[in-house]
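All values derive from a computational prediction rather than experimental measurement. These numbers come from the heavy atoms of this one structure, side chains and all, not from hydrogens, waters or symmetry mates. Residue indices begin at 1 and follow the sequence shown.
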Amino acid sequence: KAELISFRDSLILSRTPDTLVCYGQALDLSAQLSGGYQPDHEYYWNGQKGDSTLSLTVYADTVIYLGAGDVCLRSFIQDSIVITVRDTLSLAPIADQTFCYLETTALAAQATGGLPSGYTFTWFPMNTSTDTLRMQFTSDTTIGVRVSDGCTQQADSIGVVVNVRE
């Protein structure tokens with residue numbers, strides 16, 4: 001008597017690698033299970049049944065626990081994805097300044113956090129985009145600078161009081 005015995009391939013789980021993101025960044029995590037019997041594949045994200053993707057917005061370092069398996073084979077694989085969040089954007093304070101009338105001056109903005117390669121500094125109200133503002137002042141004023149990085153959800157801004165001596 002002949003007997004048919006079939007074997008399914010072992011389960012192999014591929015997933016989004018551990019990742020570094022900006023504060024408040026939305027991202028999609030994915031998992032792909034191969035082997036076993038495809039219609040019986042199940043995915044669990046932090047213990048909750050879902051599909052092969054998980055969408056989330058991240059504000060703090062976190063670990064996402066992933067379980068995936070084949071109900072028919074009664075075989076499950078567990079793994080985790082570590083998500084590291086960059087620090088929020090922050091501009092270093094610039095002390096109030098006193099300059100002579102029409103003196104050529106330079107004010108430099110320095111930021112930390114976020115995605116440094118994406119820093120964009122904008123000085124207002126002059127709407128000048130540079131990390132170092134060079135200009136001459138003719139009267140007392142307050143100016144500001146804003147930094148964004150194209151990644152972090154929240155930009156940072158500071159103000160500087162400029163006093164002009166005659």
Side-chain angles (χ1 to χ4, degrees), residues 12-34 41-68 77-165:
I12 298 172
L13 177 63
S14 301
R15 62 160 176 87
T16 301
D18 295 348
T19 189
L20 175 65
V21 298
C22 289
Y23 181 85
Q25 182 177 340
L27 71 149
D28 293 324
L29 303 179
S30 64
Q32 184 61 47
L33 200 56
S34 60
H41 289 177
E42 290 184 348
Y43 298 91
Y44 292 84
W45 300 93
N46 288 338
Q48 299 296 314
K49 188 173 181 181
D51 58 21
S52 63
T53 61
L54 175 69
S55 298
L56 66 157
T57 301
V58 190
Y59 297 95
D61 293 351
T62 191
V63 177
I64 302 295
Y65 296 96
L66 168 63
I77 298 172
Q78 295 193 8
D79 204 347
S80 61
I81 301 171
V82 176
I83 302 170
T84 305
V85 178
R86 294 176 185 273
D87 291 336
T88 58
L89 280 173
S90 180
L91 279 167
I94 300 174
D96 294 346
Q97 303 288 310
T98 301
F99 301 113
C100 292
Y101 181 83
L102 289 179
E103 175 184 358
T104 300
T105 61
L107 296 173
Q110 296 180 346
T112 58
L115 181 63
S117 63
Y119 287 171
T120 300
F121 297 92
T122 305
W123 295 86
F124 51 90
M126 55 285 297
N127 202 28
T128 301
S129 293
T130 180
D131 62 337
T132 302
L133 177 68
R134 296 182 198 316
M135 66 181 298
Q136 298 172 326
F137 293 95
T138 58
S139 62
D140 295 347
T141 189
T142 299
I143 60 173
V145 61
R146 176 181 185 266
V147 63
S148 61
D149 65 359
C151 182
T152 305
Q153 196 175 51
Q154 181 70 40
D156 191 29
S157 301
I158 59 170
V160 181
V161 175
V162 175
N163 298 299
V164 177
R165 290 188 298 206

In terms of heavy-atom contacts, Leu91 and Ala111 come closest through CD2-CB, 4.1 Å

Between the main-chain N or O of Val82 and the side-chain N or O of Asp18, is there a donor-acceptor pair closer than 3.5 Å? yes

More than 12 heavy atoms from other groups under 6.0 Å of CD on Gln154: no

Tell me, do Arg15 and Leu29 make a side-chain contact under 4.5 Å, heavy atoms counted? no

Within the distance-only criterion (no hydrogens, no angle test), does the side chain of Ser148 pair as donor or acceptor with the backbone N or O of Gly150 below 3.5 angstrom? no

Sub-4.5 Å side-chain heavy-atom contact between Val145 and Val160: no

Minimum heavy-atom separation for Thr132 to Ala106, with atom names? CG2-CB, 4.0 Å

Are any of the side-chain heavy atoms of Gln153 and Cys22 separated by less than 4.5 Å? no

Pairing donors with acceptors under 3.5 angstrom, does anything connect the side chains of Thr84 and Asp61? no

Distance check, rounded to the nearest 0.5 Å: Asn46 atom CG versus Thr62 atom OG1? 7.0 Å

Which value, rounded to the nearest 0.5 Å, describes the distance between Thr104 atom OG1 and Arg134 atom CZ? 10.0 Å

Just how far is it from atom CD1 of Ile83 to atom CD1 of Ile64, taken to the nearest 0.5 Å? 4.5 Å

Polar side-chain atom of Thr105 near backbone of Met135 as donor-acceptor pair, under 3.5 Å: yes

Within this structure, what is the CG-OH distance for the pair Asp79 and Tyr65, rounded to the nearest 0.5 Å? 11.0 Å

Quick one: does any side-chain atom of Gln97 pair with a main-chain N or O of Ala95 as donor and acceptor, under 3.5 Å? yes

Any Asp87 side-chain heavy atom under 4.5 Å of Thr112 side chain: no

Grab the two heavy atoms, one from Ala109 and one from Ile94, that are nearest each other, plus how far apart they are. CA-CD1, 4.4 Å

Specify the closest pair of heavy atoms between Pro116 and Arg86, including all atoms of both residues, with the distance to one decimal. CD-NH1, 4.2 Å

Determine whether a donor-acceptor pair (N or O, by modelled atom type, separation under 3.5 Å) exists between the side chain of Trp123 and the backbone of Thr130. yes

Which pair of non-hydrogen atoms, one from Thr53 and one from Ser30, has the smallest distance, and what is that distance? CG2-CB, 4.1 Å

Look up atom CG in Asp131 and atom OG1 in Thr120, then write down how far apart they are to the nearest 0.5 Å. 10.5 Å

Is it true that, when you exclude Glu103 itself, more than 12 heavy atoms of the residues, nucleotides or ligands shown sit nearer than 6.0 Å to its CD? yes

Without swapping roles, check the side chain of Tyr43 against the backbone of Leu54 for a donor-acceptor pair under 3.5 Å. no

Side-chain donor or acceptor of Ser129 paired with backbone N/O of Thr122 under 3.5 Å: no

Go through the steps for Arg165 and Thr98 under the test side-chain contact (heavy atoms from CB on, under 4.5 Å), then give the verdict. CA-CA 7 Å; Arg165 290 188 298 206; Thr98 301; 3.8 Å; yes

When you compare the side chain of Leu33 with that of Ile77, does any pair of heavy atoms fall below 4.5 Å? yes

Taking C-beta and beyond as the side chain, do Leu66 and Tyr44 meet within less than 4.5 Å on heavy atoms? no

How far apart are the closest heavy atoms of Tyr119 and Gly113, and which atoms are they? OH-O, 2.5 Å

Counting C-beta onward and ignoring hydrogens, is there a side-chain heavy-atom pair between Pro125 and Ile143 closer than 4.5 Å? yes

What do you reckon, is CD of Gln110 surrounded by more than 12 foreign heavy atoms closer than 6.0 Å? no

Going from CG on Leu27 to OG1 on Thr57, what distance comes out if it is rounded to the nearest 0.5 angstrom? 7.5 Å

For atom CZ of Phe124, decide whether the heavy atoms of other residues, nucleotides or ligands shown that lie under 6.0 angstrom number more than 12. yes

Aromatic rings Phe99 and Phe137: how do their planes relate, parallel, tilted or perpendicular, breaks at 30° and 60°? parallel

Where the side chain of Trp45 meets the backbone of Ser52, is there a donor-acceptor pair that is under 3.5 Å apart? no

Would you say that Asp149 contacts Tyr23 through its side chain, given a criterion of any heavy-atom pair below 4.5 Å between the two side chains? no

